[in-house]
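A quick write-up on the structure given underneath.
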Amino acid sequence: MAPLIYSALIISLGLGTTMTFASTHWYLAWMGIEINTLAIIPLMAQNHIPRAIEATTKYFFVQATASATLLFAGISNAFLTGQWNITYTPYTLTSTLITLALAMKIGLAPLHSWMPEVMQGLNLLTGLILSTWQKLAPLYLIYQIQPNNPNIFIALGLMSIIVGGWGGFNQVQLRKILAYSSIAHLGWMILILSFSPPLALLTIIIYILMTFSLFSSFMLTRTTHINSLSTTWAKIPILTISTPLILLSLGGLPPLTGFMPKWMILQELTKQSLCPLATMAALSSLFSLYFYLRLSYAMTLTMPPNNPAGTLPWRLNPQHNTLPLALTTTSTICLLPMTPAIMSLMPF
Amino acid sequence: MSYMMYILLFGLVLGLVAIASNPSPYFAALGLVVVAGVGCGVLVGSGGCFLSLILFLIYLGGMLVVFAYSAAMAAEPYPEGWGSWPTLRLMVGYVLGVGVAWGLLGGGWYEEDWGGFDGLVGESVLRGDVVGVSVMYSSGGWLLIGGGWVLLLTLFVVLELTRGLSRGALRAV
(Lines give C-alpha, C1' and ligand atoms only; values in the text may rest on other atoms or scores of the structure.)
Protein backbone atom coordinates (compact mmCIF):
# COMPACT_ATOMS: atom_id res chain seq x y z
CA MET A 1 0.00 0.00 0.00
CA ALA A 2 1.20 3.52 -0.70
CA PRO A 3 3.02 4.93 2.38
CA LEU A 4 0.94 8.10 2.62
CA ILE A 5 -2.40 6.32 2.73
CA TYR A 6 -0.95 3.65 5.01
CA SER A 7 0.17 6.24 7.54
CA ALA A 8 -3.16 8.08 7.26
CA LEU A 9 -4.98 4.84 8.12
CA ILE A 10 -2.69 3.98 11.01
CA ILE A 11 -3.01 7.50 12.40
CA SER A 12 -6.79 7.21 12.10
CA LEU A 13 -6.68 3.93 14.01
CA GLY A 14 -4.88 5.72 16.80
CA LEU A 15 -7.23 8.70 16.57
CA GLY A 16 -10.33 6.54 16.88
CA THR A 17 -9.28 4.75 20.02
CA THR A 18 -7.97 7.98 21.53
CA MET A 19 -11.27 9.70 20.81
CA THR A 20 -13.24 6.93 22.51
CA PHE A 21 -10.92 6.93 25.49
CA ALA A 22 -11.12 10.69 25.87
CA SER A 23 -14.87 11.09 25.52
CA THR A 24 -17.72 11.30 28.00
CA HIS A 25 -20.41 11.87 25.38
CA TRP A 26 -21.99 8.92 23.65
CA TYR A 27 -21.75 10.55 20.28
CA LEU A 28 -17.99 11.04 20.45
CA ALA A 29 -17.44 7.55 21.80
CA TRP A 30 -19.44 6.12 18.92
CA MET A 31 -17.53 8.32 16.49
CA GLY A 32 -14.20 6.98 17.72
CA ILE A 33 -15.38 3.41 17.23
CA GLU A 34 -16.58 4.20 13.72
CA ILE A 35 -13.23 5.77 12.84
CA ASN A 36 -11.53 2.56 13.96
CA THR A 37 -13.84 0.45 11.83
CA LEU A 38 -13.38 2.65 8.77
CA ALA A 39 -9.62 2.88 9.09
CA ILE A 40 -9.03 -0.84 9.36
CA ILE A 41 -11.15 -1.75 6.32
CA PRO A 42 -8.49 -0.96 3.68
CA LEU A 43 -5.84 -2.52 5.90
CA MET A 44 -7.80 -5.73 5.84
CA ALA A 45 -8.28 -5.58 2.10
CA GLN A 46 -4.78 -4.50 1.23
CA ASN A 47 -3.66 -7.59 -0.65
CA HIS A 48 -6.89 -7.66 -2.67
CA ILE A 49 -7.30 -11.41 -2.73
CA PRO A 50 -10.92 -12.61 -2.73
CA ARG A 51 -10.62 -14.25 0.69
CA ALA A 52 -9.42 -10.98 2.21
CA ILE A 53 -12.23 -9.05 0.52
CA GLU A 54 -14.70 -11.56 1.91
CA ALA A 55 -13.27 -11.12 5.39
CA THR A 56 -13.42 -7.33 5.00
CA THR A 57 -17.05 -7.43 3.86
CA LYS A 58 -18.08 -9.67 6.75
CA TYR A 59 -16.23 -7.49 9.23
CA PHE A 60 -17.86 -4.35 7.85
CA PHE A 61 -21.38 -5.78 8.05
CA VAL A 62 -20.95 -7.00 11.61
CA GLN A 63 -19.33 -3.81 12.85
CA ALA A 64 -21.89 -1.61 11.09
CA THR A 65 -24.74 -3.54 12.72
CA ALA A 66 -23.11 -3.27 16.11
CA SER A 67 -22.39 0.46 15.64
CA ALA A 68 -25.97 1.14 14.62
CA THR A 69 -27.23 -0.72 17.69
CA LEU A 70 -24.75 1.17 19.87
CA LEU A 71 -25.87 4.52 18.50
CA PHE A 72 -29.50 3.57 18.94
CA ALA A 73 -28.86 2.51 22.52
CA GLY A 74 -26.93 5.69 23.28
CA ILE A 75 -29.70 7.86 21.85
CA SER A 76 -32.35 5.89 23.75
CA ASN A 77 -30.36 6.42 26.90
CA ALA A 78 -30.18 10.14 26.16
CA PHE A 79 -33.93 10.17 25.54
CA LEU A 80 -34.72 8.38 28.78
CA THR A 81 -32.26 10.09 31.09
CA GLY A 82 -31.97 13.48 29.41
CA GLN A 83 -28.21 13.52 29.25
CA TRP A 84 -25.45 12.02 27.13
CA ASN A 85 -22.94 10.93 29.73
CA ILE A 86 -21.52 7.47 29.11
CA THR A 87 -21.34 6.50 32.76
CA TYR A 88 -25.00 7.19 33.51
CA THR A 89 -27.02 4.25 32.23
CA PRO A 90 -29.57 3.51 34.94
CA TYR A 91 -32.05 1.72 32.70
CA THR A 92 -31.50 -1.98 32.17
CA LEU A 93 -32.82 -1.83 28.61
CA THR A 94 -30.27 0.63 27.36
CA SER A 95 -27.35 -0.79 29.32
CA THR A 96 -28.11 -4.29 28.06
CA LEU A 97 -28.40 -3.06 24.49
CA ILE A 98 -25.10 -1.19 24.80
CA THR A 99 -23.44 -4.27 26.28
CA LEU A 100 -24.71 -6.51 23.49
CA ALA A 101 -23.67 -4.05 20.78
CA LEU A 102 -20.17 -3.78 22.22
CA ALA A 103 -20.02 -7.56 22.69
CA MET A 104 -20.76 -7.94 18.99
CA LYS A 105 -17.99 -5.48 18.26
CA ILE A 106 -15.36 -7.46 20.10
CA GLY A 107 -16.62 -10.91 19.27
CA LEU A 108 -17.98 -12.32 22.51
CA ALA A 109 -20.21 -15.37 22.37
CA PRO A 110 -23.00 -15.68 21.28
CA LEU A 111 -22.09 -12.86 18.88
CA HIS A 112 -18.76 -14.38 17.91
CA SER A 113 -19.45 -16.19 14.63
CA TRP A 114 -17.77 -13.59 12.47
CA MET A 115 -14.50 -13.70 14.36
CA PRO A 116 -12.83 -16.89 13.06
CA GLU A 117 -13.91 -16.32 9.48
CA VAL A 118 -12.69 -12.73 9.46
CA MET A 119 -9.38 -13.60 11.09
CA GLN A 120 -8.84 -16.41 8.61
CA GLY A 121 -8.91 -14.03 5.66
CA LEU A 122 -6.37 -11.58 6.99
CA ASN A 123 -2.62 -11.56 7.05
CA LEU A 124 -1.08 -12.00 10.48
CA LEU A 125 -0.25 -8.34 11.14
CA THR A 126 -3.78 -7.16 10.42
CA GLY A 127 -5.11 -10.04 12.49
CA LEU A 128 -2.91 -8.85 15.33
CA ILE A 129 -4.30 -5.31 15.07
CA LEU A 130 -7.81 -6.77 14.96
CA SER A 131 -7.34 -8.88 18.08
CA THR A 132 -5.57 -6.33 20.19
CA TRP A 133 -6.06 -2.73 19.21
CA GLN A 134 -9.64 -2.97 17.98
CA LYS A 135 -10.72 -4.48 21.28
CA LEU A 136 -9.52 -1.59 23.42
CA ALA A 137 -12.14 1.05 22.64
CA PRO A 138 -15.25 -1.18 23.04
CA LEU A 139 -13.83 -2.73 26.21
CA TYR A 140 -13.31 0.70 27.70
CA LEU A 141 -16.94 1.57 26.98
CA ILE A 142 -18.14 -1.72 28.48
CA TYR A 143 -16.12 -0.95 31.58
CA GLN A 144 -17.74 2.45 31.90
CA ILE A 145 -21.34 1.31 31.66
CA GLN A 146 -21.39 -0.26 35.16
CA PRO A 147 -24.80 -1.91 34.96
CA ASN A 148 -26.81 -2.76 38.06
CA ASN A 149 -27.01 -6.41 37.21
CA PRO A 150 -23.86 -8.44 36.54
CA ASN A 151 -25.83 -11.33 35.08
CA ILE A 152 -25.35 -10.37 31.46
CA PHE A 153 -21.59 -10.05 31.90
CA ILE A 154 -21.43 -13.45 33.58
CA ALA A 155 -23.51 -15.01 30.83
CA LEU A 156 -21.44 -13.47 28.04
CA GLY A 157 -18.21 -14.38 29.80
CA LEU A 158 -19.00 -17.99 30.54
CA MET A 159 -20.43 -18.59 27.08
CA SER A 160 -17.34 -17.04 25.50
CA ILE A 161 -14.98 -19.19 27.54
CA ILE A 162 -16.88 -22.34 26.54
CA VAL A 163 -17.28 -21.37 22.89
CA GLY A 164 -13.70 -20.14 22.63
CA GLY A 165 -12.46 -23.47 23.87
CA TRP A 166 -14.88 -25.79 22.17
CA GLY A 167 -14.79 -24.00 18.85
CA GLY A 168 -11.06 -24.28 18.54
CA PHE A 169 -11.05 -28.03 18.91
CA ASN A 170 -11.03 -29.12 15.33
CA GLN A 171 -9.11 -26.23 13.83
CA VAL A 172 -5.86 -26.63 11.96
CA GLN A 173 -5.65 -23.07 10.71
CA LEU A 174 -3.64 -20.99 13.14
CA ARG A 175 -5.57 -17.77 12.56
CA LYS A 176 -8.84 -19.43 13.48
CA ILE A 177 -7.22 -20.87 16.58
CA LEU A 178 -6.05 -17.38 17.48
CA ALA A 179 -9.59 -16.06 16.94
CA TYR A 180 -11.07 -18.65 19.30
CA SER A 181 -8.31 -17.92 21.79
CA SER A 182 -9.27 -14.25 21.63
CA ILE A 183 -12.92 -15.12 22.26
CA ALA A 184 -11.99 -17.22 25.30
CA HIS A 185 -9.69 -14.63 26.84
CA LEU A 186 -12.17 -11.83 26.35
CA GLY A 187 -14.70 -14.12 28.02
CA TRP A 188 -12.48 -14.33 31.10
CA MET A 189 -12.11 -10.59 31.04
CA ILE A 190 -15.77 -9.76 30.87
CA LEU A 191 -16.60 -12.41 33.46
CA ILE A 192 -14.73 -10.50 36.13
CA LEU A 193 -15.56 -7.01 34.88
CA SER A 194 -18.54 -6.39 37.11
CA PHE A 195 -16.79 -7.74 40.22
CA SER A 196 -13.31 -6.31 39.95
CA PRO A 197 -12.43 -3.91 37.10
CA PRO A 198 -8.70 -3.91 37.99
CA LEU A 199 -8.60 -7.63 37.31
CA ALA A 200 -10.29 -7.08 33.97
CA LEU A 201 -7.59 -4.55 33.11
CA LEU A 202 -4.96 -7.07 34.18
CA THR A 203 -6.52 -9.76 32.02
CA ILE A 204 -6.64 -7.64 28.92
CA ILE A 205 -3.07 -6.38 29.34
CA ILE A 206 -1.68 -9.87 29.88
CA TYR A 207 -3.76 -11.17 26.98
CA ILE A 208 -2.40 -8.46 24.67
CA LEU A 209 1.19 -9.31 25.66
CA MET A 210 0.67 -13.02 25.12
CA THR A 211 -1.13 -12.75 21.86
CA PHE A 212 1.36 -10.21 20.54
CA SER A 213 4.20 -12.64 21.21
CA LEU A 214 2.35 -15.51 19.58
CA PHE A 215 1.44 -13.49 16.51
CA SER A 216 5.05 -12.27 16.25
CA SER A 217 6.36 -15.81 16.42
CA PHE A 218 3.98 -16.86 13.66
CA MET A 219 4.87 -13.79 11.60
CA LEU A 220 8.55 -14.61 11.90
CA THR A 221 8.16 -17.95 10.18
CA ARG A 222 5.01 -16.89 8.28
CA THR A 223 3.11 -19.98 9.35
CA THR A 224 -0.65 -20.13 9.15
CA HIS A 225 -1.32 -23.86 9.35
CA ILE A 226 -0.31 -26.60 11.73
CA ASN A 227 1.48 -28.32 8.85
CA SER A 228 3.81 -25.40 8.27
CA LEU A 229 4.10 -24.86 12.01
CA SER A 230 5.47 -28.35 12.45
CA THR A 231 8.32 -27.75 10.01
CA THR A 232 9.55 -24.52 11.57
CA TRP A 233 11.90 -26.36 13.91
CA ALA A 234 14.52 -26.36 11.21
CA LYS A 235 14.11 -22.70 10.27
CA ILE A 236 14.37 -21.02 13.68
CA PRO A 237 15.11 -23.65 16.35
CA ILE A 238 14.82 -21.20 19.26
CA LEU A 239 11.15 -20.78 18.43
CA THR A 240 10.54 -24.42 19.29
CA ILE A 241 11.42 -23.52 22.86
CA SER A 242 9.68 -20.16 23.16
CA THR A 243 6.46 -20.83 21.26
CA PRO A 244 5.29 -23.79 23.33
CA LEU A 245 5.92 -21.73 26.45
CA ILE A 246 3.87 -18.87 24.97
CA LEU A 247 1.11 -21.32 24.06
CA LEU A 248 1.04 -22.85 27.52
CA SER A 249 0.99 -19.37 28.99
CA LEU A 250 -2.08 -18.63 26.86
CA GLY A 251 -3.55 -21.82 28.22
CA GLY A 252 -3.08 -20.51 31.72
CA LEU A 253 -0.58 -22.90 33.19
CA PRO A 254 1.59 -21.92 36.13
CA PRO A 255 4.44 -20.91 36.44
CA LEU A 256 3.87 -18.86 33.29
CA THR A 257 2.37 -15.39 33.17
CA GLY A 258 -0.93 -16.55 31.70
CA PHE A 259 -1.76 -18.14 35.02
CA MET A 260 -1.84 -14.76 36.72
CA PRO A 261 -5.18 -13.41 35.46
CA LYS A 262 -6.95 -16.75 35.78
CA TRP A 263 -5.66 -17.23 39.30
CA MET A 264 -6.72 -13.78 40.44
CA ILE A 265 -10.10 -14.12 38.73
CA LEU A 266 -10.81 -17.48 40.34
CA GLN A 267 -9.82 -16.04 43.70
CA GLU A 268 -12.11 -13.05 43.23
CA LEU A 269 -15.03 -15.22 42.12
CA THR A 270 -14.53 -17.43 45.16
CA LYS A 271 -14.53 -14.41 47.41
CA GLN A 272 -17.86 -13.41 45.86
CA SER A 273 -19.24 -16.88 46.69
CA LEU A 274 -19.53 -17.85 43.03
CA CYS A 275 -17.67 -21.14 43.32
CA PRO A 276 -19.74 -23.10 40.76
CA LEU A 277 -19.12 -20.33 38.24
CA ALA A 278 -15.41 -20.37 39.00
CA THR A 279 -15.33 -24.14 38.60
CA MET A 280 -17.18 -24.02 35.29
CA ALA A 281 -14.87 -21.29 33.95
CA ALA A 282 -11.75 -23.17 35.00
CA LEU A 283 -12.96 -26.45 33.55
CA SER A 284 -14.01 -24.78 30.30
CA SER A 285 -10.61 -23.28 29.81
CA LEU A 286 -9.27 -26.80 29.66
CA PHE A 287 -10.74 -26.93 26.18
CA SER A 288 -8.46 -24.12 25.07
CA LEU A 289 -5.53 -25.77 26.78
CA TYR A 290 -6.16 -28.82 24.63
CA PHE A 291 -5.58 -27.05 21.36
CA TYR A 292 -2.66 -25.02 22.68
CA LEU A 293 -1.09 -28.30 23.71
CA ARG A 294 -1.80 -29.69 20.29
CA LEU A 295 0.05 -26.77 18.70
CA SER A 296 3.00 -27.25 21.06
CA TYR A 297 2.99 -30.96 20.28
CA ALA A 298 3.04 -30.33 16.55
CA MET A 299 5.80 -27.79 16.87
CA THR A 300 8.18 -29.19 19.44
CA LEU A 301 7.44 -32.77 20.28
CA THR A 302 7.22 -34.18 16.76
CA MET A 303 9.40 -34.15 13.69
CA PRO A 304 7.01 -34.49 10.76
CA PRO A 305 8.15 -35.94 7.46
CA ASN A 306 10.02 -33.39 5.40
CA ASN A 307 12.36 -33.53 2.44
CA PRO A 308 16.05 -33.30 3.36
CA ALA A 309 16.37 -29.79 1.90
CA GLY A 310 13.74 -28.60 4.33
CA THR A 311 15.59 -29.89 7.34
CA LEU A 312 18.74 -27.86 6.87
CA PRO A 313 17.96 -24.38 5.55
CA TRP A 314 20.43 -21.53 5.30
CA ARG A 315 20.69 -19.58 8.55
CA LEU A 316 20.89 -16.03 7.25
CA ASN A 317 21.11 -12.86 9.34
CA PRO A 318 17.63 -11.88 10.53
CA GLN A 319 16.23 -8.90 8.66
CA HIS A 320 13.39 -8.31 11.07
CA ASN A 321 13.20 -6.36 14.28
CA THR A 322 13.46 -8.86 17.10
CA LEU A 323 12.88 -6.48 19.99
CA PRO A 324 9.05 -6.67 20.16
CA LEU A 325 9.11 -10.44 19.99
CA ALA A 326 11.82 -10.65 22.62
CA LEU A 327 10.11 -8.27 25.01
CA THR A 328 6.67 -9.80 24.74
CA THR A 329 7.95 -13.38 24.89
CA THR A 330 9.90 -12.63 28.03
CA SER A 331 6.92 -11.00 29.66
CA THR A 332 4.69 -13.91 28.58
CA ILE A 333 6.93 -16.43 30.25
CA CYS A 334 8.55 -14.77 33.23
CA LEU A 335 6.14 -12.33 34.83
CA LEU A 336 4.29 -14.58 37.27
CA PRO A 337 6.53 -13.86 40.30
CA MET A 338 5.72 -10.19 39.87
CA THR A 339 2.02 -10.72 40.56
CA PRO A 340 1.92 -8.64 43.78
CA ALA A 341 3.70 -5.74 42.13
CA ILE A 342 1.44 -5.85 39.08
CA MET A 343 -1.68 -6.11 41.22
CA SER A 344 -0.67 -3.02 43.15
CA LEU A 345 -0.22 -1.16 39.89
CA MET A 346 -3.79 -1.74 38.75
CA PRO A 347 -5.52 1.43 39.91
CA PHE A 348 -9.15 1.01 39.15
CA MET B 1 -50.94 18.64 14.47
CA SER B 2 -50.55 15.39 16.33
CA TYR B 3 -52.53 13.63 13.65
CA MET B 4 -50.15 15.02 11.05
CA MET B 5 -47.24 13.61 13.01
CA TYR B 6 -48.92 10.24 13.35
CA ILE B 7 -49.62 10.07 9.64
CA LEU B 8 -45.99 10.87 8.90
CA LEU B 9 -44.78 8.26 11.36
CA PHE B 10 -47.18 5.73 9.89
CA GLY B 11 -45.65 6.44 6.49
CA LEU B 12 -42.20 6.09 8.03
CA VAL B 13 -42.87 2.62 9.39
CA LEU B 14 -44.54 1.49 6.17
CA GLY B 15 -41.61 2.80 4.14
CA LEU B 16 -39.18 0.97 6.41
CA VAL B 17 -41.18 -2.21 5.94
CA ALA B 18 -41.01 -1.69 2.18
CA ILE B 19 -37.24 -1.37 2.29
CA ALA B 20 -36.68 -4.23 4.68
CA SER B 21 -38.70 -6.63 2.53
CA ASN B 22 -35.70 -6.77 0.23
CA PRO B 23 -36.87 -5.73 -3.23
CA SER B 24 -34.52 -4.84 -6.04
CA PRO B 25 -32.27 -1.82 -5.25
CA TYR B 26 -34.34 0.55 -7.42
CA PHE B 27 -37.43 -0.01 -5.35
CA ALA B 28 -35.49 -0.06 -2.12
CA ALA B 29 -34.05 3.33 -3.04
CA LEU B 30 -37.60 4.53 -3.72
CA GLY B 31 -38.54 3.32 -0.26
CA LEU B 32 -35.56 5.18 1.15
CA VAL B 33 -36.69 8.37 -0.58
CA VAL B 34 -40.16 8.01 0.93
CA VAL B 35 -38.73 7.27 4.38
CA ALA B 36 -36.34 10.21 4.25
CA GLY B 37 -39.11 12.51 3.04
CA VAL B 38 -41.56 11.68 5.80
CA GLY B 39 -38.68 11.63 8.28
CA CYS B 40 -37.95 15.20 7.31
CA GLY B 41 -41.63 15.95 7.89
CA VAL B 42 -41.39 14.44 11.38
CA LEU B 43 -38.34 16.59 12.05
CA VAL B 44 -40.14 19.72 10.92
CA GLY B 45 -43.07 18.87 13.13
CA SER B 46 -40.72 18.51 16.08
CA GLY B 47 -39.07 21.85 15.43
CA GLY B 48 -35.87 20.92 13.68
CA CYS B 49 -36.39 22.71 10.38
CA PHE B 50 -32.74 23.30 9.61
CA LEU B 51 -31.88 19.67 10.23
CA SER B 52 -34.75 18.64 7.99
CA LEU B 53 -33.49 20.82 5.17
CA ILE B 54 -29.96 19.52 5.59
CA LEU B 55 -31.31 15.95 5.52
CA PHE B 56 -33.12 16.62 2.28
CA LEU B 57 -30.11 18.23 0.68
CA ILE B 58 -27.33 15.95 1.78
CA TYR B 59 -29.04 12.62 2.26
CA LEU B 60 -31.60 12.68 -0.52
CA GLY B 61 -29.91 15.09 -2.88
CA GLY B 62 -26.39 13.80 -2.36
CA MET B 63 -26.07 10.29 -1.12
CA LEU B 64 -29.26 8.79 -2.48
CA VAL B 65 -28.71 10.31 -5.92
CA VAL B 66 -25.23 8.78 -6.02
CA PHE B 67 -26.65 5.48 -4.86
CA ALA B 68 -29.33 5.62 -7.53
CA TYR B 69 -26.72 6.19 -10.22
CA SER B 70 -24.63 3.30 -8.89
CA ALA B 71 -27.69 1.06 -8.81
CA ALA B 72 -28.49 2.09 -12.37
CA MET B 73 -25.09 0.81 -13.44
CA ALA B 74 -25.98 -2.61 -12.04
CA ALA B 75 -29.12 -2.77 -14.15
CA GLU B 76 -31.16 -5.93 -14.38
CA PRO B 77 -33.92 -6.64 -16.91
CA TYR B 78 -36.60 -7.83 -14.48
CA PRO B 79 -36.19 -6.03 -11.17
CA GLU B 80 -38.05 -7.60 -8.30
CA GLY B 81 -40.65 -5.21 -6.94
CA TRP B 82 -43.24 -5.60 -4.24
CA GLY B 83 -45.47 -7.66 -6.48
CA SER B 84 -43.24 -10.68 -6.48
CA TRP B 85 -44.13 -13.28 -3.92
CA PRO B 86 -40.87 -13.47 -1.87
CA THR B 87 -40.84 -9.71 -1.33
CA LEU B 88 -44.56 -9.61 -0.71
CA ARG B 89 -44.50 -12.33 1.90
CA LEU B 90 -41.65 -10.57 3.74
CA MET B 91 -43.64 -7.35 3.61
CA VAL B 92 -46.77 -9.04 4.96
CA GLY B 93 -44.70 -10.63 7.70
CA TYR B 94 -43.18 -7.33 8.73
CA VAL B 95 -46.56 -5.59 8.72
CA LEU B 96 -47.90 -8.33 10.98
CA GLY B 97 -44.88 -7.87 13.23
CA VAL B 98 -45.50 -4.14 13.39
CA GLY B 99 -49.11 -4.86 14.23
CA VAL B 100 -48.11 -7.18 17.05
CA ALA B 101 -45.68 -4.61 18.42
CA TRP B 102 -48.34 -1.92 18.17
CA GLY B 103 -50.80 -4.08 20.03
CA LEU B 104 -48.32 -4.81 22.80
CA LEU B 105 -46.61 -1.45 23.16
CA GLY B 106 -48.89 1.08 21.56
CA GLY B 107 -51.18 1.86 24.43
CA GLY B 108 -51.76 5.49 25.25
CA TRP B 109 -50.70 6.80 21.90
CA TYR B 110 -53.28 9.48 22.00
CA GLU B 111 -52.31 10.95 25.34
CA GLU B 112 -48.56 11.35 25.11
CA ASP B 113 -46.95 14.70 24.53
CA TRP B 114 -44.25 14.76 21.91
CA GLY B 115 -42.12 17.49 23.35
CA GLY B 116 -40.07 19.76 21.18
CA PHE B 117 -36.74 19.45 19.54
CA ASP B 118 -34.97 21.49 22.17
CA GLY B 119 -37.19 21.15 25.17
CA LEU B 120 -39.51 23.95 26.09
CA VAL B 121 -37.50 26.85 24.69
CA GLY B 122 -40.38 28.24 22.66
CA GLU B 123 -40.72 29.53 19.14
CA SER B 124 -37.76 31.44 17.75
CA VAL B 125 -35.60 31.57 14.68
CA LEU B 126 -32.58 30.17 16.53
CA ARG B 127 -33.71 26.60 17.28
CA GLY B 128 -31.59 23.88 18.73
CA ASP B 129 -30.23 22.61 15.46
CA VAL B 130 -29.10 25.97 14.07
CA VAL B 131 -27.46 26.92 17.35
CA GLY B 132 -25.76 23.54 17.39
CA VAL B 133 -24.18 24.13 14.02
CA SER B 134 -22.90 27.53 15.06
CA VAL B 135 -21.51 26.08 18.31
CA MET B 136 -19.67 23.52 16.25
CA TYR B 137 -17.87 26.35 14.49
CA SER B 138 -17.02 28.21 17.68
CA SER B 139 -16.36 26.32 20.91
CA GLY B 140 -16.70 22.91 19.27
CA GLY B 141 -13.92 23.60 16.82
CA TRP B 142 -12.09 20.36 17.50
CA LEU B 143 -15.23 18.40 16.69
CA LEU B 144 -15.42 20.22 13.38
CA ILE B 145 -11.82 19.28 12.60
CA GLY B 146 -12.45 15.73 13.74
CA GLY B 147 -15.60 15.49 11.67
CA GLY B 148 -13.79 16.86 8.64
CA TRP B 149 -10.99 14.34 9.12
CA VAL B 150 -13.49 11.50 9.35
CA LEU B 151 -15.08 12.51 6.07
CA LEU B 152 -11.67 12.75 4.42
CA LEU B 153 -10.78 9.36 5.88
CA THR B 154 -13.94 7.88 4.39
CA LEU B 155 -12.92 9.23 1.01
CA PHE B 156 -9.44 7.72 1.37
CA VAL B 157 -10.92 4.39 2.43
CA VAL B 158 -13.22 4.23 -0.56
CA LEU B 159 -10.49 5.27 -2.97
CA GLU B 160 -8.11 2.71 -1.51
CA LEU B 161 -10.68 -0.06 -1.67
CA THR B 162 -11.48 0.65 -5.30
CA ARG B 163 -7.88 1.20 -6.38
CA GLY B 164 -6.95 -0.89 -9.35
CA LEU B 165 -10.51 -1.48 -10.63
CA SER B 166 -10.51 -4.96 -12.03
CA ARG B 167 -7.03 -5.71 -10.70
CA GLY B 168 -8.01 -4.69 -7.21
CA ALA B 169 -10.83 -5.47 -4.86
CA LEU B 170 -13.58 -4.88 -7.39
CA ARG B 171 -12.77 -7.67 -9.75
CA ALA B 172 -15.57 -9.97 -10.82
CA VAL B 173 -15.03 -13.08 -8.75
Side-chain angles (χ1 to χ4, degrees), chain A residues 1-20 22-25 27-57 59-60 63-64 67-68 72 78-80 82-84 93 121, chain B residues 9 12 16 19-20 22 32 35 39 42-43 46-48 51 63 101 104-105 112-121 128-129 132-133 135-136 139-173:
Chain A
M1 202 189 278
L4 208 55
I5 182 73
Y6 193 66
S7 29
L9 294 170
I10 300 285
I11 288 175
S12 300
L13 270 183
L15 174 69
T17 307
T18 310
M19 219 188 230
T20 306
S23 68
T24 52
H25 194 284
Y27 184 59
L28 273 174
W30 174 83
M31 207 162 125
I33 289 189
E34 282 292 287
I35 292 175
N36 263 0
T37 305
L38 267 182
I40 205 173
I41 295 287
L43 291 176
M44 294 168 72
Q46 60 187 320
N47 49 7
H48 296 302
I49 58 177
R51 186 61 185 86
I53 306 298
E54 178 189 335
T56 312
T57 317
Y59 183 75
F60 184 70
Q63 300 286 310
S67 288
F72 170 63
F79 181 63
L80 287 173
Q83 50 83 50
W84 286 92
L93 173 66
Chain B
L9 285 169
L12 188 83
L16 286 174
I19 301 169
N22 216 6
L32 275 175
V35 166
V42 170
L43 274 177
S46 306
L51 189 58
M63 299 199 286
L104 288 175
L105 305 166
E112 294 288 328
D113 179 26
W114 275 94
F117 199 70
D118 39 12
L120 304 166
V121 169
D129 42 5
V133 171
V135 166
M136 196 171 78
S139 39
W142 286 110
L143 186 62
L144 183 67
I145 293 173
W149 173 251
V150 173
L151 291 175
L152 198 61
L153 174 70
T154 315
L155 175 68
F156 290 159
V157 163
V158 171
L159 286 177
E160 181 59 35
L161 280 176
T162 55
R163 178 193 289 231
L165 289 180
S166 59
R167 291 167 290 124
L170 289 183
R171 57 198 203 179
V173 283

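Below, chains carry the letters A, B, ... as their sequence lines are ordered, and counting in each starts from 1. It should be emphasised that the depicted structure is a prediction, and the values quoted were computed from it without experimental measurement.
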Quiz item: side-chain hydrogen bond (donor to acceptor under 3.5 Å, both in side chains) with A:Thr17: which residues, sequence neighbours excluded?
Solution: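 Result, side-chain hydrogen bond (donor to acceptor under 3.5 Å, both in side chains) vs A:Thr17: A:Asn36, A:Trp133.
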
Self-check item: Residue part contacting chain B, namely of A:Leu43, when any heavy atom lies under 4.5 Å
Solution: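 Contact with chain B involves no heavy atom of A:Leu43 at all.
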
Practice problem: Under 4.5 Å heavy-atom distance to chain B, tell me which part of A:Ile5 shows up: side chain, backbone, both or neither. | Solution: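 Answer is side chain: those atoms of A:Ile5 sit under 4.5 Å from chain B.
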
Roughly how far apart are [X] [atom1] and [Y] [atom2], rounded to 0.5 Å?
X: A:Met19; Y: B:Leu143; atom1: CE; atom2: CG; result: 7.0 Å
X: A:His48; Y: B:Leu161; atom1: NE2; atom2: CG; result: 8.0 Å
X: B:Thr154; Y: A:Leu38; atom1: OG1; atom2: CG; result: 4.5 Å

Quiz item: How close do B:Gly147 and A:Met31 get, heavy atom to heavy atom, and via which atoms?
Solution: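 Reported closest heavy-atom pair: N-CE, 4.0 Å.
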
Quiz item: Should the heavy atoms of other residues, nucleotides or ligands under 6.0 Å from CG of A:Leu4 be counted, would the total exceed 12?
Solution: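 Incorrect, the count does not exceed 12.
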
Quiz item: What residue pairs, at least two apart or across chains, pass side-chain hydrogen bond (donor to acceptor under 3.5 Å, both in side chains) with a residue in residues 139-153 of chain B?
Solution: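 Non-adjacent pairs meeting side-chain hydrogen bond (donor to acceptor under 3.5 Å, both in side chains): A:Ser12-B:Trp149.
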
